[in-house]
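Residue numbers count from 1 along this sequence.
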Amino acid sequence: MSLLGESVALIAAFSWAFSTYLYKQFSHQLSAFELNVSKGVLASLLMLSVILVTQDMALPSQPQTWLWLIFSGVIGIAVGDSAYFAALKLLGPARTLVVESLAPMFVVLINYVFFSVNLSVQSYLAITLTTLGVVIALYPDDKHDVMPKSYLMGITFALTAAFCQALGMVLTKQAVSYGEYSTWWAALIRLLSGTVVIGMLIALLRHHSLLNALSLRGVSNKIWLVVAIFFGTFLGVWLQFIAVKFTDPAIAQTLFATSPLIVMTIAFCQGNRLTRSMVIGGLLAFSGVVLIFMPH
């Protein structure tokens with residue numbers, strides 16, 4: 001039984017965990033829209049460089065493929081990532097990631113309602129265990145450091161991000177059904193679609209600057225932002241497409257959702273304290289991941 005999709009999804013989770021650790025320091029230096037454009041432009045240039053160096057000409061040949069990838073990019077990257085960065089700024093990483101962990105459940109619902117896709121009982125159990133574990137592990141202990149208005153707005157942004165990322169994964173899976181083509185081209189089309197839409201929106205808004213997004217003016221430690229973009233967007237978007245290509249998007253999204261547990265493990269290795277809920281939630285999530293990789 002091939003577990004390529006599941007294995008790649010876990011690698012993507014490690015990549016996103018590392019980048020999230022870096023991204024959170026830039027959420028107050030650029031607006032959510034500006035940060036989204038910055039990462040999209042730089043990651044797109046890196047992908048285009050890979051395509052030129054490898055002389056990859058395997059573009060999607062079916063119009064349906066282009067449509068699914070473009071829709072996926074607009075919803076998952078333009079709307080979803082912008083909402084994620086906005087939530088990160090208002091709620092901080094802990095609360096944002098708690099809400100984000102609902103994305104696998106959204107994938108299951110979208111797949112069932114719109115595409116009549118059912119999974120095995122084992123897969124549903126694995127998704128439930130992993131999602132529940134992440135929620136328990138990440139549920140913040142402090143409840144009084146966020147203003148009520150900001151809290152409600154932040155939760156709305158985080159829910160929007162979770163739903164849009166889930167829908168983006170489902171739409172990406174639909175694109176896989178139409179012929180064979182390069183994964184780099186697929187990732188580039190998806191990323192550029194979302195980036196162009198956000199760039200056009202920034203150009204129309206007064207409180208955001210396309211120049212700031214492209215020049216990174218006012219951003220300190222630019223090298224670390226580039227590192228975050230390399231791992232979280234350049235590699236992350238490409239790995240996400242490969243994962244969704246070879247496994248169900250609900251399974252892939254569940255494994256992506258383990259990235260905060262990886263961040264937590266890194267923090268523990270650096271000497272930070274783990275709470276009881278972190279340990280219990282981590283063990284539940286780990287059991288769900290193990291169940292995913294067990295033969296059906």
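The distance from the OG atom of S19 to the CZ atom of F231 is 9.5 Å, given to the nearest 0.5 Å. With rounding to the nearest 0.5 Å, the separation of CE in M153 from CG in L90 is 7.0 Å. Taking CE of M47 as the start and CG of L45 as the end, the distance is 11.0 Å to the nearest 0.5 Å. Atom-to-atom distance recorded for S120:OG and D248:CG is 9.5 Å, nearest 0.5 angstrom. Here the CG atom belonging to L283 is positioned 8.0 Å from the OG atom belonging to S287, to the nearest 0.5 angstrom. Residue S7 holds its OG atom at 12.0 Å from CD1 of I242, rounded to the nearest 0.5 Å.
Under a 4.5 Å side-chain heavy-atom criterion applied to ILVMFWY residues, the cluster that includes V196 comprises M200 as well. M169 belongs to a hydrophobic cluster whose remaining members, ordered by chain and number, are V244, F256; membership requires side-chain heavy atoms of ILVMFWY residues under 4.5 Å apart, directly or through intermediates. Through direct or indirect side-chain contacts shorter than 4.5 Å among Ile, Leu, Val, Met, Phe, Trp and Tyr, V121 is connected to no other residue.
In this structure, Q174 and Q64 have side chains that are not in contact, with every pair of non-hydrogen atoms separated by 4.5 Å or more. Side-chain contact between L125 and L291 is present, with heavy atoms from C-beta onward closer than 4.5 Å. With a 4.5 Å cut-off on side-chain heavy atoms, I251 and E6 count as touching. No side-chain heavy atom of K173 sits under 4.5 Å from any side-chain heavy atom of K245. For the pair W16 and Q240, the minimum side-chain heavy-atom distance is 4.5 Å or more. Counting only heavy atoms from C-beta outward, the side chains of W185 and I51 approach each other to under 4.5 Å. Within the 4.5 Å cutoff, side-chain heavy atoms of L59 are placed close to those of W66. Within the 4.5 Å cutoff, the side chain of L3 has no heavy atoms near those of the I292 side chain.
A side chain to side chain contact (heavy atoms under 4.5 Å, CB included) with T254 is found for exactly one of T247, I127, V107, V289, namely I127.
With sequence neighbours excluded, the residues that form a side-chain hydrogen bond (donor to acceptor under 3.5 Å, both in side chains) with S220 are Q29. F14 pairs by the ring-ring contact (aromatic ring centres under 6.0 Å, His included) definition with nothing, not counting sequence neighbours. With sequence neighbours excluded, the residues forming a salt bridge (Lys or Arg N to Asp or Glu O under 4.0 Å) with D81 are K39, listed by chain and number.
Annotation for Y181 and A175: closest pair OH-O, 2.7 Å, computed over non-hydrogen atoms. Taking every heavy atom of both residues into account, V108 and A250 meet most closely at CG2-CB, 3.8 Å. When all heavy atoms of V37 and T195 are compared, the closest pair comes out as O-CG2, 4.1 Å. Of all heavy-atom pairs between S259 and A17, the closest is O-CB, 3.2 Å. Contact record, V99 with A162: O-CB, 3.9 Å, taken as the closest heavy-atom pair. For G80 against A161, the heavy-atom pair with the smallest separation is O-CB, 3.4 Å.
Criterion: ILVMFWY side-chain heavy atoms under 4.5 Å apart, direct or through other members. Under it, L109 and L132 are not part of a common hydrophobic cluster. At a threshold of 4.5 Å between side-chain heavy atoms, the hydrophobic network of Ile, Leu, Val, Met, Phe, Trp and Tyr places L46 and L48 in one connected group.
When the shell of 6.0 Å around CZ of F115 is examined, it contains more than 12 heavy atoms from other residues, nucleotides or ligands.
Using cut-offs of 30° and 60° for the angle between ring planes, the W184 and W238 rings count as parallel.
Of the possible donor and acceptor atoms, none in the side chain of S82 sits under 3.5 Å from a partner among the backbone N and O of V79. Between the T172 side chain and the G168 main chain, a donor and an acceptor come within less than 3.5 Å of each other. Judged by distance alone, with hydrogens and angles left aside, the side-chain atoms of T65 form a donor-acceptor pair with the main-chain N or O of Y178 at under 3.5 Å. In this structure a side-chain-to-backbone donor-acceptor pair under 3.5 Å is missing from S72 to W68.
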Could you go through N118 and Y124, starting from their C-alpha distance and side-chain angles, then the distance that decides it, and tell me whether this counts as side chain to side chain donor-acceptor pair (under 3.5 Å)? CA-CA 9 Å; N118 269 315; Y124 283 126; 3.2 Å; yes
Please lay out, stage by stage, how L201 and F33 fare under the test side chain to side chain contact (heavy atoms under 4.5 Å, CB included). CA-CA 8 Å; L201 188 58; F33 285 165; 3.6 Å; yes
Side chain to side chain contact (heavy atoms under 4.5 Å, CB included) between N36 and Y84, worked out: CA-CA 10 Å; N36 205 350; Y84 172 78; over 6 Å; no
Please test F114 against V170 for side chain to side chain contact (heavy atoms under 4.5 Å, CB included), starting from the C-alpha separation and ending with a verdict. CA-CA 10 Å; F114 294 102; V170 174; over 6 Å; no
